[in-house]
Trainee: 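Here it is: the structure, laid out below.
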There are 2 protein chains.
Amino acid sequence: MERSTRQSAAIRAALAAAARPLSPAEVLDAARAEVAALGMATVYRTLKALVDEGAIQIVSLPGEPPRYESSAHGHHHHFRCDACGKVFDVPGCPGDLGDLAPPGFVVDRHEITLYGRCSGCVAPRS
Amino acid sequence: MERSTRQSAAIRAALAAAARPLSPAEVLDAARAEVAALGMATVYRTLKALVDEGAIQIVSLPGEPPRYESSAHGHHHHFRCDACGKVFDVPGCPGDLGDLAPPGFVVDRHEITLYGRCSGCVAPRS
DNA sequence: ATAGATGCAAAGAGTTTGCATAGGT
DNA sequence: ACCTATGCAAACTCTTTGCATCTAT
């Protein structure tokens with residue numbers, strides 16, 4: 001059975017509140033605001049449980065630690081700034097991409113990551 | 001200076017020959033066909049050097065080890081089979097996705113990963 | 001009261017680094 | 001001959017697991 005503990009509530013809250021995917025370390029930091037004695041192991045265990053039940057998703061980018069985000073944020077994609085390294089949520093979606101796949105392949109879902117420079121880094125940091 | 005050694009040649013060859021991204025362990029295996037005494041450290045060092053010089057790219061998918069592939073394969077995307085876990089190259093590309101990003105963001109490049117079932121796993125493995 | 005969740009610390013897996021040696025130039 | 005890349009093994013980092021304790025039910 002699932003038990004509702006302050007720890008897992010804090011972790012869920014941290015992810016739900018974030019507007020961008022969080023790394024395990026960031027989740028730990030954020031959740032410690034509510035539960036000071038929170039341990040890393042609990043973060044990992046809870047994240048794994050949340051992934052299994054589909055409440056959150058893993059976002060993984062080359063050369064970076066995995067990040068987690070709430071599935072409740074809906075279908076969206078990500079943008080990584082090559083200058084500052086931050087990862088942002090991108091609202092749009094080009095739609096069904098099933099026809100890209102080779103014949104015989106069935107596409108259930110897709111992930112798009114854009115790379116470039118975010119508004120902050122594009123601007124002539126005046 | 002760059003020195004041409006059998007080891008790095010074997011690693012480059014393994015990546016160039018592969019029709020799909022390889023994990024470090026797979027690269028090691030493949031390259032050992034040519035250089036039996038090849039060490040893991042050399043694989044990592046060479047992969048890093050190749051990434052730095054832009055010859056290969058990292059492909060990273062959630063919950064899986066990083067994979068590397070030759071940049072020479074041209075622009076394409078990836079398909080991961082949820083059934084067998086293999087990652088395939090996908091030739092097509094929907095084109096420029098710059099308009100997906102929020103205003104002020106500059107998109108240089110994009111990555112698309114499709115998820116579903118590959119032809120082998122879709123077919124009633126008759 | 002019971003059983004699952006937690007926290008600490010140790011164990012694992014994957015990756016990186018130090019240093020003596022082999023091998024390319 | 002010189003000097004870089006290699007190979008081995010130790011060091012690191014990130015993640016998972018064991019176990020006694022705590023706590024929600």
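Computed from heavy atoms alone, side chains included, the values below leave out hydrogens, waters and symmetry copies. Letters A, B, ... are given to chains in the order of the sequence lines, protein chains preceding strands, and every chain is numbered from 1.
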Trainee: Please list, chain by chain and in numerical order, all residues satisfying side chain to side chain donor-acceptor pair (under 3.5 Å) with B:Ser60, sequence neighbours excluded.
Mentor: A:Ser60

Trainee: If we fit an axis to the first five pairs and another to the last five of the helix from C:dA1-D:dT25 to C:dT25-D:dA1, what angle do they make, to the nearest 10°?
Mentor: 30°

Trainee: Quick one: which residue pairs count as a salt bridge (Lys or Arg N to Asp or Glu O under 4.0 Å) with a foot in residues 23-46 of chain A, not counting sequence neighbours?
Mentor: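 Sorted pair list: A:Arg20-A:Glu26.
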
Trainee: Quick check: does any side chain N or O of B:Thr46 sit under 3.5 Å from a backbone N or O of B:Thr42, one acting as donor and the other as acceptor?
Mentor: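 Yes; at least one donor-acceptor contact below 3.5 Å.
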
Trainee: Apply ring-ring contact (aromatic ring centres under 6.0 Å, His included) to A:Phe88 and list each qualifying residue two or more places apart in sequence or on a separate chain.
Mentor: B:Phe105

Trainee: Round to a whole Å and report the spacing from CE of A:Met40 to C1' of D:dC14.
Mentor: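 Distance, rounded to whole Å: 8 Å.
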
Trainee: Within this structure, what is the CD-to-P distance between A:Glu53 and C:dA5, rounded to whole angstrom?
Mentor: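 Distance check: A:Glu53 CD to C:dA5 P gives 11 Å.
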
Trainee: Once you round it to whole Å, what is the distance between C1' of D:dC14 and CD of B:Glu64?
Mentor: 18 Å

Trainee: Tell me, please, which residues at least two apart from A:Cys93 pass side-chain contact (heavy atoms from CB on, under 4.5 Å).
Mentor: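 Checked A:Cys93 against side-chain contact (heavy atoms from CB on, under 4.5 Å); matches are A:His75, A:His77, A:His110.
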
Trainee: Could you pull out all residues at least two apart from A:His73 that satisfy ring-ring contact (aromatic ring centres under 6.0 Å, His included)?
Mentor: none

Trainee: Please give, in whole Å, the distance from D:dC14 P to A:Ile58 CD1?
Mentor: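 Roughly 17 Å, once rounded to whole Å.
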
Trainee: Show me the donor-acceptor pairs, under 3.5 Å and distance only, between side chains in residues 47-58 of chain A and residues at least two apart or in other chains.
Mentor:
| residue | atom | partner | partner atom | Å |
| --- | --- | --- | --- | --- |
| A:Glu53 | OE2 | A:Arg12 | NH2 | 3.3 |

Trainee: Taking only residues at least two apart or on different chains, which pairs with a member in residues 64-85 of chain B satisfy salt bridge (Lys or Arg N to Asp or Glu O under 4.0 Å)?
Mentor: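 Matches after skipping sequence neighbours: A:Arg109-B:Asp82, B:Glu64-B:Arg67, B:Glu64-B:Arg80, B:Arg80-B:Asp82.
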
Trainee: How does protein contact run along nucleotides 17-25 of chain C, one letter per nucleotide 5' to 3', with B for base contact, S for sugar-phosphate only, - for none, heavy atoms under 4.0 Å?
Mentor: BB----BBS

Trainee: Working to the nearest 0.5 angstrom, can you tell me the gap between A:Tyr68 OH and A:Ile11 CD1?
Mentor: 11.5 Å

Trainee: If you take any heavy atom closer than 4.0 Å to DNA chain D, which residues from residues 24-39 of chain B end up in contact?
Mentor: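 Of all residues in residues 24-39 of chain B, the ones placing a heavy atom under 4.0 Å from DNA chain D are B:Ala37, B:Leu38, B:Gly39.
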
Trainee: Could I get the full list of side-chain contact (heavy atoms from CB on, under 4.5 Å) partners for B:Ala83, not counting sequence neighbours?
Mentor: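 For B:Ala83 the side-chain contact (heavy atoms from CB on, under 4.5 Å) partners, ignoring immediate neighbours, are B:Cys81, B:Arg117, B:Cys121.
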
